[in-house]
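The analysis underlying the following values was restricted to heavy atoms, covering all of them including side chains, and did not include hydrogens, waters or symmetry mates. In listed order, ligands and their atoms are each counted from 1.
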Amino acid sequence: MSLNSRNSPDLLDKQVERGFVLLPRLLGAAETTALGEAAEAVLARVTGEVRDGRADVTVWPDGHRLEKVDGTTVHWEPEARPPAVRSLSPVTHLAPVLDALWDDDRITTPMRRIIGGDELGRFTSKLNFKRAGVGSEFCWHQDYPYWYCCAGPAARDVATAMVFLDDVTADNGALQIVPGSHRAGPAPRDRAEPTGLLVDAARTDVRGAVTVEAPAGSVLMFPGLVVHRSGPNRTGRDRRSLLLCFQPAGRPELADLPYRAERLSDLP
Ligand SMILES: O=C(O)CCC(=O)C(=O)O
């Protein structure tokens, strides 16, 4: 599909400049529903394996529990009772309909503009579930520090396409983005926070943040240096999304790179 008038090259360039591109209803209703069904089927299969005791467990310094099985990491909501999954990553290898999106021109054409290269490669993928009533906050952060610990300076060239599987509104945990924040480079991090990955919001100007509401099937794209957060989902409606993180072709994927926490000392 070519870009339609709403998503004309000029408008796209302006959106790239401000640090995020929103493509409303890029995917049709039926295909969005099919993606949601595939996401639920993957989740059921993977959590079944976890229940059978086949996963390797890690607990992060902030108390978040992660379990690895089938080449994906299951990240649990820290507070949800009964337990609920916060995210699965990487995930597209677990369902062909999710995997096909890597080669979908509707996504790759604008993504090439953001990354600025001809040939795109995969970096990683994630399903964020943000379930009704229990989906928790993502604090202010840039994706960059985490990716930098794995990929080093090449992390600058990674950008995300976030495919919304449900309608996104301010009250079910829409993303808040600080326009132009990517241009300032790595933001000061909160040294008191155990992961060392979050932005210090007291030392970063987040006052101009915008809330990105969009219908299901919309796609939001942004590079790893954009400062963003999302609130908890206190509604009765899930806010699921599939994130595809692209990079220039020919580079190793996130899953093949060791996490080197000592690299954080290179960053502010
Ligand atoms: O899904 C969300 O609300 C936050 C996504 C995000 O920032 C992340 O997964 O790093």
Side-chain angles (χ1 to χ4, degrees), residues 19-22 35-36 39 43 60 62 64 66 72-80 84-92 98 122-151 155 158-179 181-182 186-187 189-190 193 195-199 201 204 206 209-235 237-247 254-255 259:
F20 63 98
V21 172
L22 179 63
L35 291 172
L43 180 67
W60 272 0
D62 58 1
H64 286 222
L66 292 94
T72 191
T73 298
V74 185
H75 183 160
W76 295 90
E77 287 290 356
E79 311 274 321
V85 169
R86 176 170 159 104
S87 66
L88 296 179
S89 180
V91 72
T92 51
L98 304 182
R122 303 170 181 209
F123 186 61
T124 192
S125 61
K126 177 153 73 164
L127 269 169
N128 278 342
F129 288 92
K130 217 179 266 273
R131 292 295 196 193
V134 297
S136 58
E137 176 181 14
F138 283 75
C139 298
W140 287 114
H141 69 283
Q142 296 170 306
D143 296 328
Y144 180 76
Y146 183 76
W147 293 342
Y148 181 83
C149 286
C150 304
V158 180
T160 296
M162 186 170 184
V163 179
F164 295 128
L165 306 180
D166 299 299
D167 292 343
V168 181
T169 56
D171 60 354
N172 76 353
L175 225 62
Q176 290 178 279
I177 290 186
V178 183
S181 50
H182 60 303
R189 287 171 302 109
D190 181 351
E193 179 279 318
T195 67
L197 294 168
L198 301 179
V199 162
T204 306
V206 297
V210 297
T211 301
V212 183
E213 297 188 304
S218 302
V219 179
L220 175 69
M221 300 185 178
F222 54 95
L225 282 168
V226 163
V227 175
H228 59 287
R229 75 174 286 276
S230 68
N233 182 356
R234 302 215 189 281
T235 72
R237 292 171 289 114
D238 289 343
R239 201 233 66 186
R240 299 165 303 167
S241 57
L242 172 65
L243 286 73
L244 303 173
C245 305
F246 290 87
Q247 63 179 343
L254 182 67
Y259 183 77

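The closest protein non-hydrogen atom to atom 3 (O) of ligand 1 is Ser230 OG, 2.5 Å. Of all protein heavy atoms, the one closest to atom 9 (O) of ligand 1 is Lys126 NZ, 2.7 Å. Nearest to atom 5 (C) of ligand 1 among the protein's heavy atoms is Asn128 ND2, 3.3 Å. In this structure, the protein non-hydrogen atom closest to atom 10 (O) of ligand 1 is His141 NE2, 3.1 Å. Here the protein heavy atom with the shortest distance to atom 1 (O) of ligand 1 is Arg239 NH2, 2.7 Å.
Near Leu175, the atoms of ligand 1 lying under 4.0 angstrom from a non-hydrogen atom of the residue are 2 (C), 3 (O), 4 (C). In the vicinity of Asp143, heavy-atom distances shorter than 4.0 Å reach the ligand 1 atoms 10 (O). Close contacts of ligand 1 with His228, meaning ligand atoms under 4.0 Å from a residue heavy atom, involve 6 (C), 7 (O).
A donor-acceptor contact shorter than 3.5 Å is absent between the side chain of Asn128 and the backbone of Leu243. A distance-only check finds a donor-acceptor pair linking the side chain of Arg239 to the backbone of Gly173 [under 3.5 Å]. One N or O on the side chain of Ser125 and one on the backbone of Thr92 form a donor-acceptor pair closer than 3.5 Å. Side-chain N or O atoms of Thr72 include none that pairs as donor or acceptor with a backbone N or O of Val91 at under 3.5 Å. Glu213 contributes a side-chain N or O that, together with a main-chain N or O of Ala170, makes up a donor-acceptor pair within less than 3.5 Å.
In the displayed structure, Glu137 atom CD is contacted under 6.0 Å by more than 12 heavy atoms of other residues, nucleotides or ligands.
Val178 pairs in a side chain to side chain contact (heavy atoms under 4.5 Å, CB included) with only one of the listed residues (Val206, Val226, Thr204), which is Val206.
Of all the heavy atoms of Arg229, none lies under 4.0 Å from any atom of ligand 1, so neither backbone nor side chain is involved.
Between Phe138, Tyr146, Phe164, it is Phe138 that holds the heavy atom closest to atom 6 (C) of ligand 1.
Within the 4.0 Å heavy-atom cutoff, Met162 counts among the residues contacting ligand 1.
Nearest approach of Asp166 to Asp238, heavy atoms of both residues: CB-O, 3.4 Å.
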